[in-house]
Amino acid sequence: MLSYFPVPYPDELLYSIIARYGVHTGQSGNRKAILRDVFGTDTATAVPDLPSHLRYLVQHVGQVWQISEKDIIKRYTLAPFYLPFLKPDLAEKIVSSMNSNRGGDIHTRCGISAGAMTQPTFFRYCPSCVQQQNEQFGESCWLRSHHISGIDVCIHHSQELLSAKSYFHSRHKHLFSPAVREVTDQTSAHVELKDIEIKLHRLYSSLMGLQKITGLSSHQWTVFYKQLADQLGFKKGSRVDHQSIRRHIENDWFGTCLNRSPQVAAPYSWLTQMFRKHRKSFHPIRHMMVWASLLPEVPVKTIFTRVSRLPAEPVKKCTFPLQVTQPTIKTREYRQSWLMLLKKYPNTGIKALRSTGEGGALYAWLYRHDRQWLMSHRPDKVVNNSKQGKVDYGRWDEENVLALDCAFKTLKRKLGRCRLSRTFLIKQLPRHGSVEKHLKELPKTRKWLLGHAESIEDFQLFRVLNAAGELKRQNLPLKRWRLLRVAGIRFESVTKKIETVIQKLEQQRSLD
């Protein structure tokens, strides 16, 4: 249990709080000591945005900082920015990983590692924010709002964020870099934000203020955006008018900082996918770009409430229609005809019955109009008890060898052929899929393939000799570089055997 831990500042990253702890206790140079004090282990990693080992941190600082793991995630990490847009089970697993000592795949699960939106390379700060922090607290810190992908302007001062010297995801995984030692420049350019950019910043602030870390299903987001397109008139009949949506959003974001960012806007292909069935999650900035344009006056809380009330899964349609309580005269006639057909062919399956002259039409009508009754009056499934004959592997083996010999003679003479690899030769056989599975039972075929399959080096030699013949026909000197170029072989791929053949060809040409 620690007897001292810094008081967190508003919107501060947990990483920054721990870094300030190192400065206050004089242990900034001793990385492992900080880890042992705060986490009780020296294997924890210094992750700024989505840290792990939170359960151990609460156990060690609980005496001076009474807070739960969930509150740390909500208030001092970037989890509330990502998790609401993920599936509920995935968001729950990420929270569990952040609490545990197994946080290695958190960024992969969030989609950050493979996403088109890259995180800031370095820690960032706003000089005006730093000045306010120094005046109010006597020191500076790293803020959450300064490290969002796609937002490169300070929300509060409309100033361009500056990069510090330390990497946001440092190669030194146990290093906590304090802001007080990284902030140098005191001025930055003022950015004139457009109305839609201000709306985006407000959406971000509202999202982080919700402190929401539970996810919503893909189906809920799918239904929400389809309803949104319908409500705003972006429909052509029953289809979403993707071109109109794209033109509207492109016009709203034209000339803004986000529109000039190739990672965020161009070529807007994500916009079409967002208004289709959601098969993957989208970056939060892209959700908020759509909201700022299409729902400018709707609060974030209202949007999430609306989405959460939608069904989490698609409603499954009933397989069969409701039972007909009073069948019509026509239905009775078709039922009677079907029952007579079953008596006429007592040991026949459904497929054979439909193949008969009258069976196909009867089945089709009943399937459309009286399906539940039809499904309950189907014939029993006919089991084919006939045993398959045993495979004569010996004969099959002989046939394979004869077929391979014939194909090999033809293929080997072709000048522009591909490599006669084992797989390629097997595919020349009539039943090549079965041959691949039963090579153990086909010893002659296997032996033939081992003796005739062409290695990469052998194929390169074949190409060198072909290149030599082509150069002779063109009456060009046989130079090493020319042979390799015509043969399509890289210089670094030349083996000793190929080098020897090339030298012999050069010597033979010089003697001629």
Side-chain angles (χ1 to χ4, degrees), residues 1-31 33-35 37-39 46-51 54 57-58 60-69 71-81 120 122-148 151-168 170 175-191 201-202 204-209 211:
M1 282 282 195
L2 291 180
S3 57
Y4 167 77
F5 196 71
V7 176
Y9 299 137
D11 197 41
E12 185 178 12
L13 288 167
L14 176 65
Y15 175 100
S16 175
I17 304 172
I18 299 174
R20 289 194 295 113
Y21 169 81
V23 174
H24 294 177
T25 57
Q27 299 184 100
S28 292
N30 193 339
R31 304 172 189 176
I34 297 174
L35 294 176
D37 287 353
V38 177
F39 297 102
V47 180
D49 49 353
L50 301 169
L54 298 185
L57 181 141
V58 170
H60 283 78
V61 304
Q63 186 172 348
V64 290
W65 188 25
Q66 296 180 357
I67 192 169
S68 65
E69 298 95 327
D71 285 338
I72 292 177
I73 294 173
K74 290 179 179 179
R75 296 162 59 184
Y76 303 105
T77 72
L78 293 182
F81 181 69
F122 299 93
F123 279 99
R124 301 192 300 189
Y125 64 94
C126 166
S128 297
C129 289
V130 170
Q131 184 178 355
Q132 286 184 356
Q133 291 167 5
N134 289 329
E135 292 174 357
Q136 185 175 0
F137 309 122
E139 60 182 344
S140 57
C141 62
W142 302 123
L143 300 181
R144 296 191 299 174
S145 57
H146 292 168
H147 299 92
I148 299 297
I151 298 182
D152 301 327
V153 179
C154 176
I155 295 173
H156 306 290
H157 300 100
S158 299
Q159 284 184 301
E160 184 180 357
L161 295 174
L162 302 178
S163 295
K165 298 178 182 179
S166 294
Y167 286 95
F168 189 59
S170 176
L175 174 64
F176 288 91
S177 299
V180 67
R181 297 181 182 176
E182 297 291 330
V183 175
T184 53
D185 296 333
Q186 299 300 319
T187 58
S188 66
H190 180 77
V191 180
H201 289 180
R202 289 174 181 171
Y204 162 75
S205 299
S206 301
L207 174 62
M208 300 302 282
Q211 299 182 359

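Minimum heavy-atom separation, Gln159 to Cys126: OE1-SG, 3.4 Å. The minimum heavy-atom distance linking Ser205 with Ile155 is given by the pair OG-CG2, 3.9 Å. Taking every heavy atom of both residues into account, Leu13 and His147 meet most closely at CD1-ND1, 4.0 Å. Scanning all heavy atoms of the two residues, the minimum distance from His190 to Ser158 falls at ND1-O, 3.3 Å. Looking at every heavy atom in both residues, Pro10 comes nearest to Leu143 through O-CD2, 3.7 Å. Between Val38 and Val61, the closest heavy-atom pair is O-CG1, 4.5 Å.
A donor atom on one side chain and an acceptor atom on the other are found under 3.5 Å apart for Gln132 and His157. Side-chain polar atoms of Glu139 and His24 form a donor-acceptor pair below 3.5 angstrom.
Taken to the nearest 0.5 Å, the CD atom of Glu69 stands 9.0 Å off from the CG atom of Leu57. Leu78 contributes atom CG, which lies 5.5 Å from atom CE of Met208 (distance to the nearest 0.5 angstrom). One finds the CD atom of Glu135 at 10.5 Å from the CD atom of Gln133 (value rounded to the nearest 0.5 Å). For the atom pair Tyr4 OH and Thr25 OG1, the distance stands at 8.0 Å (nearest 0.5 Å). Rounded to the nearest 0.5 Å, atoms CD1 (Ile67) and CD1 (Ile72) are 5.0 Å apart.
Judged by the 6.0 Å and 45° rule, Arg20 forms no cation-pi pair with Phe137.
At most 12 heavy atoms of other shown residues, nucleotides or ligands fall within 6.0 angstrom of atom CD in Gln66.
The ring-ring contact (aromatic ring centres under 6.0 Å, His included) test applied to Tyr204 returns Phe81, not counting sequence neighbours. The side-chain contact (heavy atoms from CB on, under 4.5 Å) search around Phe122 returns Ser163, Tyr167, not counting sequence neighbours.
Screening Leu161, Leu162, Val153 for a side-chain contact (heavy atoms from CB on, under 4.5 Å) with Ser188, the sole residue that qualifies is Leu162. Tested against Phe168 for a ring-ring contact (aromatic ring centres under 6.0 Å, His included), the candidates Phe123, Tyr125, Trp142 yield a single pass: Phe123.
Ile151 has its side chain out of reach of Ser145: every pair of non-hydrogen atoms, C-beta onward, lies at least 4.5 Å apart. Counting only heavy atoms from C-beta outward, the side chains of Val191 and Asp152 never approach each other to under 4.5 Å.
In this structure, Tyr15 contributes its side chain and Ser177 its backbone to a donor-acceptor pair below 3.5 Å.
Ring geometry, Trp65 versus Phe5: the interplanar angle falls under 30°, so the pair is classed parallel (tilted spans 30 to 60°).
No close placement of the Phe39 and His60 rings is indicated, their centers lying 6.0 Å or farther apart.
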Take Cys154 and Cys129, measure what side chain to side chain contact (heavy atoms under 4.5 Å, CB included) needs, and give me the verdict at the end. CA-CA 8 Å; Cys154 176; Cys129 289; 3.5 Å; yes

